[in-house]
Amino acid sequence: MGTLRVVRAGAGSGKTYDLCETIAERVAAGLDPARILATTFTRKAAAELKGRIQARLLAHAGLSPGDRLAKAERLELAAIGTVHSVGHQLLTRYALPLGLSPRLTVLEEAGSARALSDLLAQMDSRPWEDLAHIARRFSLGPPQDLALTLLDAKRSNNIGDQAFRAQMEANGRRLCELMAPQGPSAQACTFDALYALARRTLAALDRIKDETKTTEGAKNALRRLVARRSLAWRDFVEAGRKIQAGKKSGADAVLEDLRRAAATVFVSPDLHRDIREFLARLTEQTLALGGAYADFKRERGLLDFTDLEVWLLRLLKNPDLTASLQADLDLVVVDE
């Protein structure tokens with residue numbers, strides 16, 4: 001059983017210094033650097049970590065000049081680097097038992113982003129256009145951006161396709177339940193009814209003698225709402241919560257019917273249908289993109305940074321390989 005030591009302290013308190021001292025002293029005492037694994041977050045930090053340890057070995061008072069140089073040079077055999085670079089080293093070592101090629105090529109973040117962009121451009125545009133049509137009702141941007149974000153979250157959390165489908169469906173169902181605990185209602189205001197009521201409300205405001213900025217602002221907002229007729233669910237929010245008029249003249253009271261109608265948006269069957277359809281379509285497009293990306297990497301023998309994390313986790317969950325890894329290492333350190 002190994003020894004676990006955790007050092008918790010604020011930035012600049014000497015955690016990395018302590019770590020370097022620990023490694024240098026162990027190497028000076030005879031630990032083979034090839035049996036050391038050390039990780040940190042950035043390449044710069046990893047290079048600095050190795051440089052500090054080598055500097056301590058080269059200045060170690062308990063070693064002869066020849067031993068100092070030999071141990072400092074042998075430190076190059078230690079697995080010191082970022083989580084991804086150390087993961088790459090370990091996966092290369094255990095590639096064949098894992099079913100991977102021993103010649104693992106890592107796709108950098110820029111290359112990954114470019115590949116995904118190219119794959120999106122090659123996909124059938126019709127499903128994306130259908131999805132974009134629904135996205136506009138939610139006042140959302142390009143669904144491709146949403147798919148990229150979802151795919152990254154799915155892969156980073158090692159979520160399988162079926163589990164991803166189930167989670168997306170459950171999220172949509174939960175959202176609808178929160179908006180309408182009793183379920184959707186056929187009495188909810190429709191888009192046509194909303195715009196018709198907005199026109200009638202505007203006509204009623206025009207008959208009131210109120211030239212205040214507030215009321216004029218309400219009239220302009222209603223004119224834009226009717227003229228825009230965007231069929232976006234945000235129109236209900238604007239009509240119900242954002243439009244205000246003068247109270248002394250009674251103009252604000254004229255807006256009450258419109259507000260009550262707009263408030264029914266949350267129980268609208270059409271809204272709930274849009275939510276379910278949007279999430280279902282987005283789910284399938286995300287999975288299609290993920291499949292195309294997996295094929296792209298497999299055909300070229302590539303792994304990206306997320307793949308390194310996923311395969312490293314698989315390695316660490318394999319009892320036989322874990323036992324071999326434990327036998328190969330005497331010291332494991334992590335610099336936060």
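We number each residue from 1, following the sequence as shown.
- No donor-acceptor pair closer than 3.5 Å links the side chain of His133 to the backbone N or O of Trp128.
- Ion pairing between a basic and an acidic side chain is recognised when a charged N comes within 4.0 Å of a carboxylate O; Asp252 and Arg259 show such pairing.
- Asp161 has a carboxylate O that lies under 4.0 Å from a charged side-chain N of Lys154, or vice versa, which qualifies the two as a salt bridge.
- Once rounded to the nearest 0.5 Å, the distance linking CZ of Arg314 with CG of Asp307 reads 8.5 Å.
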- request: Evaluate the criterion side chain to side chain contact (heavy atoms under 4.5 Å, CB included) for residue pair Met123 and Gln285; output intermediate values, then yes/no.
  value: CA-CA 10 Å; Met123 292 178 71; Gln285 288 302 102; 3.9 Å; yes
- prompt: Stepwise, does the side chain to side chain contact (heavy atoms under 4.5 Å, CB included) test hold for Leu222 with Leu258?
  reply: CA-CA 11 Å; Leu222 288 172; Leu258 181 62; 3.6 Å; yes
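- Considering all non-hydrogen atoms of both residues, Gly87 and Leu312 come closest at CA-CD2, 4.1 Å.
- In this structure, OG1 on Thr283 lies 7.5 Å from CG on Leu150, to the nearest 0.5 angstrom.
- At a threshold of 4.5 Å between non-hydrogen side-chain atoms, the residues Phe164 and Thr286 count as touching.
- By the rule that hydrophobic residues join a cluster once side-chain heavy atoms approach within less than 4.5 Å of another member, Leu289 and Leu107 end up as members of one cluster.
- Checked for salt-bridge contact, Lys50 and Glu76 meet the test: a charged N lies under 4.0 Å from a carboxylate O.
- In plain terms, the two heavy atoms of Val267 and Ala180 that are nearest each other are CG1-CB, 3.7 Å.
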task: Walk me through it: do Leu116 and Leu151 pass the test side chain to side chain contact (heavy atoms under 4.5 Å, CB included)?
output: CA-CA 10 Å; Leu116 284 166; Leu151 182 59; 4.1 Å; yes
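- A salt bridge is defined here as a Lys NZ or Arg NE, NH1 or NH2 lying under 4.0 Å from an Asp or Glu carboxylate O, and Glu169 with Arg276 fails to meet this definition.
- Taking the side chain as every heavy atom from C-beta outward, Leu131 and Leu146 never approach each other to under 4.5 Å.
- Cluster annotation: Met179 and Leu194 are assigned to the same hydrophobic cluster (Ile/Leu/Val/Met/Phe/Trp/Tyr, side-chain heavy-atom contacts under 4.5 Å, transitive).
- Residue Ala198 comes nearest to Leu225 through the heavy atom pair CB-CD2, 3.9 Å, listed as atom of the first residue, atom of the second, then distance.
- Using a 4.5 Å heavy-atom threshold, the side chains of His84 and Val106 count as separate.
- Rounding to the nearest 0.5 angstrom, the gap separating the CG atom in Leu100 from the CH2 atom in Trp311 is 4.5 Å.
- Using a 4.5 Å cut-off on side-chain heavy atoms (C-beta onward), Leu120 and Leu148 make contact.
- Taking all atoms of both residues into account, the shortest heavy-atom contact from Gly30 to Lys71 is CA-NZ, 4.3 Å.
- Residue-environment remark: CD (Glu256) exceeds the threshold of 12 foreign heavy atoms within 6.0 Å.
- Checking side-chain atoms of Thr264 against main-chain N and O of Cys189 turns up a donor-acceptor pair under 3.5 Å.
- Taking the side chain as every heavy atom from C-beta outward, Leu49 and Leu19 approach each other to under 4.5 Å.
- Remark: the Ser268 side chain and the Asp270 side chain contain no N/O donor-acceptor pair separated by less than 3.5 Å.
- The minimum heavy-atom distance linking Thr322 with Leu316 is given by the pair OG1-O, 3.0 Å.
- Atoms OG1 and CD, from Thr16 and Glu21 in turn, are 12.0 Å apart once rounded to the nearest 0.5 Å.
- With respect to Arg26 and Asp330, no salt bridge is recorded, no charged nitrogen being found less than 4.0 Å from a carboxylate O.
- Using a 4.5 Å heavy-atom cutoff, the side chains of His60 and Glu25 are in contact.
- Salt bridge present: Arg228 and Glu238 bring a charged side-chain N and a carboxylate O closer than 4.0 Å.
- Using a 4.5 Å cut-off on side-chain heavy atoms (C-beta onward), Asp206 and Leu202 make contact.
- Looking at Tyr94 and Asn318, their side chains never bring a donor and an acceptor atom within 3.5 Å of each other.
- Classification of the Phe138-Phe278 ring pair by plane angle, with boundaries at 30° and 60°, yields tilted.
- Side chain of Asp32 to backbone of Ala34: a donor-acceptor contact under 3.5 angstrom is found.
- In this structure, OH on Tyr293 lies 13.0 Å from CZ on Arg298, to the nearest 0.5 angstrom.
- Applying the side chain to side chain contact (heavy atoms under 4.5 Å, CB included) test to Ala218 and every residue at least two apart in sequence or in another chain returns Leu205, Ile243, Ala245.
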Worked verdict on Thr190 versus Asp192 for side-chain hydrogen bond (donor to acceptor under 3.5 Å, both in side chains): CA-CA 5 Å; Thr190 64; Asp192 287 342; 5.4 Å; no
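- Judged by distance alone, the side chain of Thr22 and the main-chain N or O of Asp18 form a donor-acceptor pair under 3.5 Å.
- The OG1 atom of Thr105 sits 13.0 Å away from atom NZ of Lys297, with the distance rounded to the nearest 0.5 Å.
- Using modelled atom types, one side-chain atom of Asn171 and one backbone atom of Gln167 make a donor-acceptor pair closer than 3.5 Å.
- Between the side chains of Asn220 and Arg223, at least one donor N or O lies within less than 3.5 Å of an accepting N or O.
- Among all heavy-atom pairs drawn from Ile208 and Ala251, the shortest one is CD1-CA, 3.8 Å.
- Between Arg155 and Phe305, the closest side-chain pair of non-hydrogen atoms is not below 4.5 Å.
- Between Arg200 and Asp257 there is no salt bridge, since none of the side-chain N atoms of the basic residue sits less than 4.0 Å from a carboxylate O of the acidic one.
- Asp235 and Arg229 are not joined by a salt bridge, as no carboxylate oxygen comes within less than 4.0 angstrom of a charged side-chain nitrogen.
- Applying the 6.0 Å contact sphere to CZ of Arg241 captures no more than 12 heavy atoms from other residues, nucleotides or ligands.
- Taking a cutoff of 4.0 Å between a charged side-chain nitrogen and a carboxylate oxygen, Lys44 and Glu48 do not qualify as a salt bridge.
- Of the possible polar contacts, one joining the Tyr195 side chain to the Leu231 backbone as a donor-acceptor pair under 3.5 Å is found.
- Without hydrogens or angle criteria, Ser85 side chain to Thr82 main chain gives a donor-acceptor distance under 3.5 Å.
- Applying the salt bridge (Lys or Arg N to Asp or Glu O under 4.0 Å) test to residues at least two apart or on different chains, the pairs with a partner in residues 116-132 are Asp124-Arg126, Asp130-Arg281.
- A donor-acceptor pair under 3.5 Å is absent between the side-chain atoms of Arg165 and the main chain of Glu284, judged by distance alone.
- In this structure a side-chain-to-backbone donor-acceptor pair under 3.5 Å is present from His88 to Leu104.
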